[in-house]
There are 2 protein chains.
Amino acid sequence: MTAMTPQTRSEPDLSFLLDHTSHVLRTRMAAALAEVGLTARMHCVLVHALEEERTQAQLAEIGDMDKTTMVVTVDALEEAGLAERRPSSADRRARVIAVTEEGARVARRSQEIVDRVHRETLAALPEDEREALLSAMRRLVGGVLAEPVESPRPARRARQSG
Amino acid sequence: MTAMTPQTRSEPDLSFLLDHTSHVLRTRMAAALAEVGLTARMHCVLVHALEEERTQAQLAEIGDMDKTTMVVTVDALEEAGLAERRPSSADRRARVIAVTEEGARVARRSQEIVDRVHRETLAALPEDEREALLSAMRRLVGGVLAEPVESPRPARRARQSG
DNA sequence: TATTGTTATACTCTATAACTATA
DNA sequence: TATAGTTATAGAGTATAACAATA
């Protein structure tokens, strides 16, 4: 979004290009998924819970969410009747996320929506460019842009008692 | 960040690729710019204010920021002695952002940092892929991914008087 | 009446801290 | 002692509302 390079220069503004495209795609995806009442996170949890038996911690890992964010996401899925928390037979601390029949139906539709939005976006590109784009992005994700640099977060006050 | 497509499928997950790369690049850029005491927004305002005489509203437009976000960004630049608010000669409501000498020096360094981070990132790609990536991204920004879809924001309570 | 910049603040998002139950 | 999940809430980020000065 934020243009990092003035228009009078010819350097490619990779930051702007990535920020803008990811932001716009995100809004489009959110709007499309809203049709079936899901957020991107709910979709993510749903499809990965459907694949195999997974606990909240495992799903949080996959979706790169904090465990507290996972709590509210699973709350939303339960409230919508799309998933349920079940005790894990292997570890009594853990909860397995079981997708309901309705949840499975919605997940099928939401995955179609996701694929369609991706397809429509990529369809705007000539095929060779499309392939190169995907290949380049995968190379970045696997290489230089694999891991975020983390900045030291400021300390936090203890919680108010009462 | 959020994987939109389970690993067992072969559809390209454009959302994940864009979200991940833009997020990681953003953290790298933030860390690199912190060396000269700037945020990405401060850099953005600084270089565009340096190009020609511009008001806060114009700079907000360029950086796609809200005008209230611009206020705090300019506050930070003024506090750091890198820019100053000056009354516009054309419109007495408006403030032109004037970059100080120190601001110009810092802007030159921060632009070098931005270019370097972009160059280092793109250097990880074979040249043909690099060119295709940039071309594809520009095509998306100019086409299907030009404008965000906006979702209706929930209304807001009036401000407390007192 | 509309717009620039400002202040105050509501709201969202996310993560930290503290806790319970279990490993 | 460490981990899974939960609750409460701190704090960052951002945008809306209202306002003063000016167009």
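Computed from a prediction, not measured in an experiment: that's the story for all the values here. Numbers restart at 1 for each chain; the letters A, B, ... are given by sequence-line order, proteins then strands. Below, each value reflects all heavy atoms present in this structure, side chains not excepted, and no hydrogens, waters or symmetry copies.
A donor-acceptor contact shorter than 3.5 Å is absent between the side chain of A:S22 and the backbone of B:D19. In this structure, the side chain of A:H20 does not engage the main chain of A:A3 through any donor-acceptor pair within 3.5 Å.
A heavy-atom distance below 4.0 Å to DNA chain D is reached by these residues of residues 73-99 of chain B, ordered by number: B:D91, B:R92, B:R93. Sorted by residue number, the list of members of residues 51-59 of chain A with any non-hydrogen atom under 4.0 Å from DNA chain C is empty.
Residues meeting the side chain to side chain donor-acceptor pair (under 3.5 Å) test with B:S110, sequence neighbours left out: B:H43. Every residue two or more places apart in sequence or in another chain that forms a salt bridge (Lys or Arg N to Asp or Glu O under 4.0 Å) with A:R116 is listed here: A:E120. In this view, B:E11 satisfies the salt bridge (Lys or Arg N to Asp or Glu O under 4.0 Å) rule with no residue, not counting sequence neighbours. Contacts of B:D115 classified as salt bridge (Lys or Arg N to Asp or Glu O under 4.0 Å), with partners at least two apart in sequence or in another chain: A:R9. Every salt bridge (Lys or Arg N to Asp or Glu O under 4.0 Å) that B:R93 has, sequence neighbours left out, goes to B:D91.
In this model, the phosphate group of C:dC13 is not approached by any side-chain N or O of A:T69 to a distance below 4.0 Å at OP1 or OP2. The side chain of A:R157 contributes no N or O atom lying less than 4.0 Å from OP1 or OP2 of C:dA17.
A residue-by-residue look at A:R41 and A:K67 shows that A:R41 has its nearest nucleotide of DNA chain C further toward the 5' end. Nucleotides of DNA chain D nearest to A:T68 and B:T68 differ in position, and the one nearer the 5' end is that of A:T68.
Taking atom CE of residue A:M70 and atom C1' of nucleotide C:dT14, one finds them 14 Å apart after rounding to whole Å. Atom CE in A:M65 sits about 15 Å away from atom C1' in D:dG5, given to the nearest Å. Atom CD of A:E150 is separated from atom P of C:dT16 by 10 Å (rounded to the nearest Å). Rounded to whole Å, the distance from CG on A:D66 to P on C:dA18 is 16 Å. Separating the CD atom of B:E61 from the P atom of C:dT4 is a distance of 11 Å, rounded to the nearest angstrom.
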Taking only distance into account, with no hydrogens and no angle test, what donor-acceptor pairs under 3.5 Å do side-chain atoms of residues 30-41 of chain B form with protein atoms, sequence neighbours excluded?
| residue | atom | partner | partner atom | Å |
| --- | --- | --- | --- | --- |
| B:T39 | OG1 | B:M42 | N | 3.1 |

Just distance, no hydrogens or angles: give the donor-acceptor pairs under 3.5 Å from side chains in residues 76-84 of chain B, sequence neighbours left out.
| residue | atom | partner | partner atom | Å |
| --- | --- | --- | --- | --- |
| B:E78 | OE1 | B:R85 | NH1 | 2.9 |
| B:E78 | OE2 | B:R85 | N | 2.8 |
| B:E84 | OE1 | B:R86 | NH2 | 3.3 |

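A:R156 contributes a side-chain N or O that forms a donor-acceptor pair with the base of D:dT9 under 3.5 Å.
If one axis is set at each end of the helix from C:dT1-D:dA23 to C:dA23-D:dT1 from five pairs, those axes are 0° apart, to 10°.
Every pair passing salt bridge (charged side-chain N to carboxylate O under 4.0 Å, His left out) that includes a residue from residues 127-137 of chain B is listed here, sequence neighbours excluded: A:R139-B:E129. Residue pairs meeting the salt bridge (charged side-chain N to carboxylate O under 4.0 Å, His left out) criterion with at least one partner in residues 104-114 of chain A, sequence neighbours excluded, are A:E102-A:R105.
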